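All values derive from a computational prediction rather than experimental measurement. Lettering of chains follows the sequences in order, A, B, ..., and the numbering in each one begins at 1.
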Amino acid sequence: MSAVRPSATDLAALHGAVLDWYAVNSRPLPWREPSCSPWGVLLSEVMSQQTPLGRVEPIWRQWMERWPTPAQLAAESPGEVVRAWGRLGYPRRALRLHEAAVVITERHDGEVPRHEADLRALPGIGDYTAAAVAAFAFGDRSVVVDTNVRRVQARAVSGVAQAAPSMTRAEVALAADLLPVDDEDAATWNVAVMELGALVCTARSPRCDDCPVVGRCAWVLGGRPAYDGPPRRGQKWHGTDRQVRGVIVQALRESPGPVLREALAPGRDEQQVDRCLAGLVEDGLVEPVGDEHFGLPGVEEVAG
DNA sequence: GAGACGTGGCG
DNA sequence: TCGCCAAGTCT
């Protein structure tokens, strides 16, 4: 990626256009309310990893109702947390959220840490989420780079149809260059660029007619050239361990207590089921109970 | 750094 | 229909 960097004048115009657009077009998500706690913000960010926001919102509301503080989640059994995760996907996130709640309770006096480095040290919190929580919960001038930001930057600044398969240092450096100097503007800018990527500068069919920066978009100005980088690795699904793991965990979510091994994933290859079970136990998502049963961790009541 | 890791909706 | 994709993280 070339080290394109807009001039100060262009940068100011870019900031103005995007911030104005956001002021009018932002979605009223509950975790964007000023009254939302840092814990609520952290929850929303982890739930949103690789997951459409529409699916996140109802679960987020349930969690905030049930566990309004880290200490309350920490006091819950991991299994009930995995159950409450529902079908959001990647249930290890639920487990890590529980672990993070324990760490916050024991080492941070029950308060979500406000510094990016401390956030980054929590289980399940990577570079993106640490920066996002620091920015959105505490108003930090952190550099937030997610898939939306990467795509908007790729098009508007670098002039290519899409970003590379994995994030580069150059992309982070560019995002840092684009960040407004003012703290408050920076925090809004971070969420505004993400929102622009989510609503207008989308992956499939970007709505350039509705874009506040179409007039200064390097990709549009360059005639919207097709992507010519390395292909993204496609994810297999049918028949994979991943699918069987999903079947097993869902069966356990639907049962009040441990389930007989044979009833976990009926009709599936036995060897594969055993392998997946071993992996799930290793991950802490499933717990063996007695000789032939498996349950969600810490959920011991036997099904009728 | 490549690959694993859920789930469901959309073009 | 079916591959692509969605506010990534961890090993």
Side-chain angles (χ1 to χ4, degrees), chain A residues 26-27 29-32 40-60 82 85-97 99-100 119-137 142-153 161-169 171-172 175 187 190-199 201-207 227 230-253 265 275-276 278-280 282-286:
Chain A
S26 67
R27 291 167 291 180
L29 299 169
W31 47 85
R32 286 183 184 162
V41 172
L42 190 158
L43 235 36
S44 79
E45 290 303 336
V46 174
M47 287 181 171
S48 299
Q49 292 166 4
Q50 299 286 286
T51 309
L53 299 195
R55 226 176 294 167
V56 168
E57 187 166 341
I59 303 292
W60 182 88
V82 170
W85 190 252
R87 304 189 64 90
L88 277 184
Y90 294 143
R92 287 187 291 195
R93 288 184 291 165
L95 228 39
R96 293 187 178 129
L97 228 20
E99 295 168 19
L119 287 161
R120 182 65 179 80
L122 296 172
I125 308 293
D127 289 338
Y128 161 75
T129 305
V133 173
F136 306 147
S142 53
V143 181
V144 181
V145 188
D146 78 328
T147 188
N148 291 301
V149 173
R150 297 183 61 221
R151 187 175 52 251
V152 171
Q153 286 184 170
Q162 65 179 73
S166 53
M167 188 156 62
T168 64
R169 302 177 80 98
E171 289 178 275
V172 179
N190 277 323
V191 69
V193 176
M194 287 171 63
E195 191 78 333
L196 187 63
L199 299 181
C201 194
T202 55
R204 233 51 95 80
S205 28
R207 303 162 51 187
Y227 176 69
R232 299 201 170 178
R233 39 201 166 91
Q235 300 193 336
K236 307 236 180 258
W237 175 248
H238 187 72
T240 60
D241 282 7
R242 202 173 185 172
Q243 182 183 30
V244 172
R245 284 169 59 105
V247 169
I248 291 171
V249 174
Q250 180 55 19
L252 292 177
R253 270 193 293 258
R275 182 173 66 244
C276 289
L280 287 166
E282 172 81 11
D283 290 343
L285 280 165
V286 170

- Item | side-chain contact (heavy atoms from CB on, under 4.5 Å) against A:P30, all qualifying residues, sequence neighbours excluded | A:E57, A:W60, A:R61

- Boundaries of the chain A footprint along DNA chain B (any atom under 4.0 Å from a heavy atom): B:dG3 to B:dG11

- Item | Summary of protein contacts for nucleotides 3-10 of chain C, nucleotide by nucleotide, where a base hit scores B, a sugar-phosphate-only hit scores S (4.0 Å, heavy atoms) | BBSBBBSS

- Please identify each residue that fulfils side-chain hydrogen bond (donor to acceptor under 3.5 Å, both in side chains) with A:Q49, with sequence neighbours left out. A:T129

- Please state the P separation for the pair C:dA7 and B:dC5 - nearest whole angstrom. 23 Å

- Query: What integer number of Å spans the P atoms of C:dT9 and B:dG8?
  - Reply: 22 Å

- Query: Got a sec, which residues hit side-chain hydrogen bond (donor to acceptor under 3.5 Å, both in side chains) with A:Q235, two or more places apart in sequence or on another chain?
  - Reply: A:R242

- Query: In chain order, what residues pass the salt bridge (Lys or Arg N to Asp or Glu O under 4.0 Å) check against A:R232, with sequence neighbours excluded?
  - Reply: none

- Query: Expressed as a whole number of Å, how far does the P atom of C:dC4 sit from that of B:dG3?
  - Reply: 16 Å

- Message: Once side-chain contact (heavy atoms from CB on, under 4.5 Å) is applied, do any residues pair with A:A161, and if so which ones, sequence neighbours excluded?
- Response: A:W219, A:Y227

- Task: On DNA chain B, check which nucleotide each of A:S205 and A:W237 is closest to and give me the residue with the more 5' one.
- Result: A:W237

- Query: How would you list, by chain and number, every residue that makes a salt bridge (Lys or Arg N to Asp or Glu O under 4.0 Å) with A:R32, sequence neighbours excluded?
  - Reply: A:E195

- side-chain contact (heavy atoms from CB on, under 4.5 Å) partners for A:A130, two or more places apart: A:E116, A:L119, A:R120, A:I125

- Message: Under 4.0 Å, heavy atom to any atom of DNA chain B: which of residues 238-246 of chain A qualify?
- Response: A:R242, A:R245, A:G246

- Set of residues satisfying side-chain contact (heavy atoms from CB on, under 4.5 Å) with respect to A:C201, sequence neighbours excluded: A:V152, A:R155

- Query: Does the side chain of A:Q153 pick up a donor-acceptor pair with the side chain of A:R150 at under 3.5 Å?
  - Reply: no

- With A:R92, which residues qualify under salt bridge (Lys or Arg N to Asp or Glu O under 4.0 Å), at least two apart? A:D283

